[in-house]
2 protein chains.
Amino acid sequence: MTSSPDGDTSQTTAETTTVGASASPVPVRRMRRAERREQILDAATRAFARAGYAATGLDDIAAEAELTRAMLYRHFDSKADLYRAVLDRACLRLADATGADDFDEHAIPALLRAAAADPDGFRLLFRYAAREPDFRDLIDSITAASREVAHRNLARRIPAGPWLDWAADLIPAFTLDAVIAWLDAGQPDPGPAADRIAAAVHGVMAAAHPHP
Amino acid sequence: MTSSPDGDTSQTTAETTTVGASASPVPVRRMRRAERREQILDAATRAFARAGYAATGLDDIAAEAELTRAMLYRHFDSKADLYRAVLDRACLRLADATGADDFDEHAIPALLRAAAADPDGFRLLFRYAAREPDFRDLIDSITAASREVAHRNLARRIPAGPWLDWAADLIPAFTLDAVIAWLDAGQPDPGPAADRIAAAVHGVMAAAHPHP
DNA sequence: CTACTTATAGACTCTCGCGTATACAAGAGA
DNA sequence: TCTCTTGTATACGCGAGAGTCTATAAGTAG
């Protein structure tokens with residue numbers, strides 16, 4: 001505000017640009033549409049993963065992407081549209097990496113691979129999006145499927161009732177917690193990590209049923 | 001501007017009330033300050049627990065409390081002030097109910113009692129407030145203490161390093177997940193619930209260390 | 001009865017952030 | 001060289017929601 005272009009307000013034809021001309025030889029990186037779009041999605045994922053949808057402004061995202069807010073609207077219709085795109089891509093990557101498995105032995109290694117490949121997307125999905133009423137539907141299919149699989153597996157040992165429901169809710173949530181904690185701990189030794197998490201899940205399952 | 005209070009400004013004495021006079025014999029419940037304040041905190045806890053701070057408007061809270069928005073300002077300076085009061089009270093209740101225990105045998109029963117006594121506050125604290133940068137500090141002392149205790153207990157069996165940190169992060173988070181899942185399942189059998197959760201925590205701890 | 005407190009109702013201002021529009025610069029390909 | 005695309009910079013419209021104010025009513029205590 002202090003250095004506003006004042007004085008000759010009526011003839012602002014080329015005057016305004018003289019300031020930037022001498023300033024910096026900024027390369028002004030140009031990208032083609034698809035490339036830029038992906039870069040925006042990357043930046044938006046990072047920005048949203050810090051504080052969720054409501055607490056993240058378009059200015060934050062633009063700054064993260066090192067772009068103008070106007071550019072965001074050349075690629076996405078609205079903030080909600082951008083967020084959905086971010087979430088969709090994260091879901092897609094997750095599905096690709098895990099490969100629609102049925103919670104068999106190599107489900108946890110796949111989950112770790114997916115989380116390591118896109119940590120921000122992973123955290124965004126399960127730490128924020130899962131709690132946001134307007135967008136929960138995007139990942140509800142995933143969480144519902146997990147709960148369903150857990151429910152089916154546990155039904156062999158736990159009689160139907162609130163305790164079965166409790167365990168079927170808890171085990172997927174715990175698995176995600178364990179993966180996120182692993183991300184937060186710096187992603188040490190993916191192989192042993194999978195073993196430990198699998199063992200922990202097994203321990204929870206053992207504790208979940210009445211047990212003789 | 002269109003319906004400015006003009007014309008008969010001096011004689012709007014009883015005209016406006018004639019409408020309400022025949023409408024309903026609304027008791028217009030009156031409370032004394034402290035009482036009303038608690039009731040507002042109850043309502044705000046419920047409202048915030050549905051969608052978190054940002055997504056909850058003062059109108060939502062006023063509606064939940066069956067009050068006018070103006071009344072909220074007679075008891076709290078701002079929305080943030082109200083939220084802090086809600087969180088503070090929930091923290092206080094939690095501390096009272098658990099009694100600053102050191103994760104010994106009866107820590108989990110105490111946690112279940114606390115959660116059952118104030119389910120909305122419990123969910124609000126650990127499902128939303130823990131993720132909100134502006135307010136996380138209010139419960140950080142609690143989470144930090146839990147992690148500290150877990151860290152100390154686990155250090156006897158797990159060598160220092162990322163795996164110890166991972167386990168110390170994971171076990172408190174898992175315990176809270178288990179309690180919330182128990183709330184969501186309808187709070188069946190508090191006694192056995194504590195046993196199952198304790199057993200599950202034990203299972204996770206067993207899996208967390210390299211183990212012979 | 002009088003005065004105080006608790007309450008309603010609704011209009012008003014102000015700020016913030018989404019979304020739009022315009023003018024201009026410059027790299028890339030024809 | 002001419003043009004299309006990508007990009008900057010900036011200003012403005014607009015709605016939603018926070019926070020304020022006034023007028024009025026009615027329980028309650030002295």
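Note on naming: letters A, B, ... go to the chains in the order of the sequence lines (proteins, then strands), and numbering restarts at 1 for each one. Hydrogens, waters and symmetry mates are skipped; everything else that's a heavy atom, side chains included, is used.
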Atom pair CG/CD1 of A:Leu112 and A:Ile197 - distance to nearest 0.5 Å: 4.5 Å
Looking only at side-chain atoms of B:Leu67, point me to the closest of C:dA7, D:dG7, D:dG19. C:dA7
Tell me which pairs pass salt bridge (charged side-chain N to carboxylate O under 4.0 Å, His left out) where either residue lies in residues 48-62 of chain B, with sequence neighbours left out. B:Arg50-B:Glu64, B:Asp59-B:Arg69
Should the pair A:Arg89-A:Asp42 be classified as a salt bridge under the 4.0 Å nitrogen-to-oxygen rule? yes
In whole Å, what is the span from the OH atom of B:Tyr73 to the C1' atom of C:dA7? 17 Å
May I have the distance from A:Glu66 (atom CD) to D:dT8 (atom C1'), rounded to whole angstrom? 14 Å
Would you say the rings of A:Phe135 and A:Tyr53 are close, in the sense that their centroids are separated by under 6.0 Å? yes
Residues from residues 75-84 of chain B sitting under 4.0 Å of DNA chain D, heavy atoms only? B:Ser78, B:Lys79
Calculate the interatomic distance between B:Arg74 atom CZ and C:dA9 atom C1'; express it in whole Å. 12 Å
Side-chain atoms of A:Thr68 come closest, of C:dC18, C:dT6, D:dT10, to D:dT10
Return the minimal non-hydrogen interatomic distance between B:Ala114 and B:Thr98, and the atom names on each side. CB-CG2, 4.3 Å
Could you tell me how far apart B:Met31 (CE) and C:dC4 (P) are, to the nearest whole angstrom? 25 Å
Basic-acidic side-chain contact under 4.0 Å: A:Arg84, A:Asp134: no
Short of 4.0 Å, heavy atom to strand atom, which residues of residues 40-54 of chain B count as contacting DNA chain C? none
Once you apply a heavy-atom cut-off of 4.0 Å, does A:Arg33 come out as touching a base, just sugar-phosphate, or nothing? sugar-phosphate
A:Ala70 vs A:Gly57, nearer the 5' end of DNA chain C by closest nucleotide: A:Gly57
Categorize B:Arg32 for me: base, sugar-phosphate, or nothing, with a 4.0 angstrom heavy-atom threshold over every strand shown. nothing
